[in-house]
Trainee: 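Can you keep this structure in mind? I'll have questions shortly.
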2 protein chains.
Amino acid sequence: MPSTTRRHSPTEDRRPVVEAEILGATEQLLRDGHKFTDIGVRQIVEQAGVARSSFYVSFRDKTDLLIRLAGTLKQQIFDFAKDWTPVGENGGPETLTRVYLSMIQFYRQHGELLAAINEVATYDHEVEQFWNSQLNRLTELTASLIAGEQAAGRTDSAINPTVLAQVLTWDGDRVIARHVATNDSANDAQVARELAMVRWHGAYRRPQS
Amino acid sequence: MPSTTRRHSPTEDRRPVVEAEILGATEQLLRDGHKFTDIGVRQIVEQAGVARSSFYVSFRDKTDLLIRLAGTLKQQIFDFAKDWTPVGENGGPETLTRVYLSMIQFYRQHGELLAAINEVATYDHEVEQFWNSQLNRLTELTASLIAGEQAAGRTDSAINPTVLAQVLTWDGDRVIARHVATNDSANDAQVARELAMVRWHGAYRRPQS
DNA sequence: ACCCGATCGGACACAGTGTCCGACAATGTG
DNA sequence: CACATTGTCGGACACTGTGTCCGATCGGGT
């Protein structure tokens with residue numbers, strides 16, 4: 001009676017190799033300064049050293065590729081902000097400055113990929129939804145922080161928390177992306193500080209109207 | 001002796017007709033919800049009722065078309081902000097709120113075209129430069145306002161005017177664009193107020209550190 | 001009548017995308 | 001060993017969109 005052993009096929013080892021080559025090649029092309037929209041599949045597979053038809057085994061299309069690439073960044077962006085609170089051990093304006101400084105450094109590391117996401121999100125609904133879901137989480141979190149500060153009497157109770165949260169969260173990344181693309185890192189601390197102080201004094205500790 | 005009269009050819013009247021048809025058709029397609037990147041030249045000329053080859057008589061390519069369309073908007077964006085000052089007849093937080101409210105209404109009128117500019121600016125260097133030139137003017141104007149307030153002792157002199165100006169001007173339009181795309185006009189006044197108050201109290205009248 | 005300029009319609013060449021298919025290589029099983 | 005399976009490769013095909021070019025037509029001016 002021959003023994004029956006589950007087939008351990010190394011094809012699973014080989015599949016990720018091609019996929020990883022493609023992901024890595026794409027990141028390299030972005031780092032080389034190419035716009036995602038301008039990079040063709042042929043260029044990617046040439047950089048990766050794989051067959052063009054193999055691309056479509058792993059990815060539905062270029063958008064699918066970008067979403068795969070963006071997947072890990074998405075959670076990290078949220079993680080920067082989720083632990084900050086206006087008061088408490090991780091709280092206050094100086095800690096907020098540090099949060100923004102960490103984000104600036106993150107953007108310096110991943111600027112090209114983040115720009116690609118932003119690029120495609122302007123015209124592709126799926127990428128836009130994918131990326132905005134983390135932004136919406138951040139907005140909700142910020143709205144609840146504002147509401148908490150209002151309940152404690154530390155933030156002007158006349159403010160609509162949802163509206164203010166949208167104003168605060170819908171734009172910060174654009175400043176950071178622009179700063180990173182435009183300026184070297186000498187001003188990182190100052191930009192972080194301005195982002196934090198404008199929000200601290202303009203939102204959380206705005207004088208009572 | 002036959003009189004010699006400069007030939008007044010109505011081809012100049014006819015040339016703008018095709019061009020105007022193309023410009024109008026593009027705007028209509030944008031208003032219909034199409035992303036600029038997704039609109040092909042064939043679609044535009046069908047909507048305009050002209051020949052496809054005629055498109056290339058008037059425009060080098062789609063980017064050229066967009067820059068033509070964007071030309072008038074560009075100056076208008078700058079005009080909203082250029083007359084505001086922190087103090088004086090056109091100054092202060094309530095007037096800043098009105099400036100932002102006007103901008104929101106402008107975005108409601110021209111939202112699709114502005115989104116198209118934003119879209120193409122992410123991957124086309126020419127459009128990006130074209131649009132950013134007005135943003136840079138706004139940043140410089142804001143930096144000089146901040147410096148003036150510092151000289152008058154009304155804004156914290158520890159702040160770097162250029163850095164703060166960048167933080168204040170590099171992002172507001174994104175909030176407005178998102179708000180217009182996401183929410184109806186019921187909250188326009190509130191969003192305008194938040195945009196203004198965050199900047200007023202967070203930047204121009206930030207407490208001395 | 002003739003000339004000129006603009007528009008039209010259509011053909012051509014090219015690039016990029018996605019699908020499909022046969023060939024081949026590597027691995028495991030009986 | 002033979003056979004089966006799976007993944008990759010290379011290439012062909014069909015389609016779409018873009019930009020260029022050209023002949024035909026039309027309208028207006030002299």
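All values derive from a computational prediction rather than experimental measurement. First the proteins, then the strands, lettered A, B, ... as listed; each starts at 1. Only heavy atoms go into these numbers, but all of them, side chains included; no hydrogens, no water, no symmetry mates.
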Trainee: On a heavy-atom basis, which atom in B:Asp79 and which in B:Lys82 lie closest, and how many Å separate them?
Mentor: OD1-CE, 3.1 Å
Trainee: Atom CD of B:Glu46 and atom C1' of C:dG10: how far apart are they, to the nearest Å?
Mentor: 15 Å
Trainee: Whole Å only: how far is the CD1 atom of A:Ile39 from the C1' atom of C:dT17?
Mentor: 16 Å
Trainee: Should the side chain of A:Arg52 and the base of C:dG18 be counted as holding a donor-acceptor pair, with the cut-off at 3.5 Å?
Mentor: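 It does, because a donor-acceptor pair links the side chain of A:Arg52 to the base of C:dG18 below 3.5 Å.
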Trainee: Look at the side chain of A:Val18 and decide which nucleotide, out of D:dT8, D:dT20, C:dC20, has an atom nearest to it.
Mentor: D:dT8
Trainee: If you only use heavy atoms from C-beta on, which nucleotide in D:dT18, D:dG19, C:dT17 is closest to the side chain of B:Asp61?
Mentor: D:dG19
Trainee: Starting at CZ of A:Phe36 and ending at C1' of C:dT17, how long is that distance when rounded to a whole Å?
Mentor: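 Distance, rounded to whole Å: 14 Å.
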Trainee: Using the closest heavy atom to pick a nucleotide of DNA chain C for each, name whichever of B:Val50 or A:Lys62 lands nearer the 5' end.
Mentor: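 This one resolves to B:Val50.
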Trainee: I want to verify a distance call: between C:dG9, C:dT7, D:dT18, whose nearest atom is closest to the B:Ser53 side chain?
Mentor: C:dG9
Trainee: Report yes if the side chains of A:Thr26 and A:Phe59 come closer than 4.5 Å at any heavy-atom pair, otherwise no.
Mentor: no
Trainee: Does a side chain donor of either B:Thr63 or B:Glu126 reach within less than 3.5 Å of an acceptor in the other side chain?
Mentor: no
Trainee: Whole-Å distance between D:dG10 P and A:Tyr56 OH?
Mentor: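 Interatomic distance, OH of A:Tyr56 to P of D:dG10: 16 Å.
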Trainee: Give the rounded distance in Å between these two atoms: CD of B:Glu21 and P of C:dA6.
Mentor: 18 Å
Trainee: I want to verify a distance call: between C:dG9, D:dG10, C:dT7, whose nearest atom is closest to the A:Ala51 side chain?
Mentor: D:dG10
Trainee: Can you check whether B:Phe106 and B:Phe80 have ring centres sitting under 6.0 Å from each other?
Mentor: yes
Trainee: How long is the line joining CZ of B:Phe59 and C1' of D:dT20, in whole Å?
Mentor: 18 Å
Trainee: Between A:Asp124 and A:Val127 (side chain of the first, backbone of the second, donor and acceptor by atom type, cut-off under 3.5 Å), is there such a pair?
Mentor: yes
Trainee: Whole angstrom is fine here: how far is it from CD1 in B:Ile44 over to P in D:dG17?
Mentor: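 Between P of D:dG17 and CD1 of B:Ile44: 12 Å.
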Trainee: Find the distance B:Gln43:CD to D:dT18:C1' and express it as a whole number of Å.
Mentor: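 To the nearest whole Å, that distance equals 14 Å.
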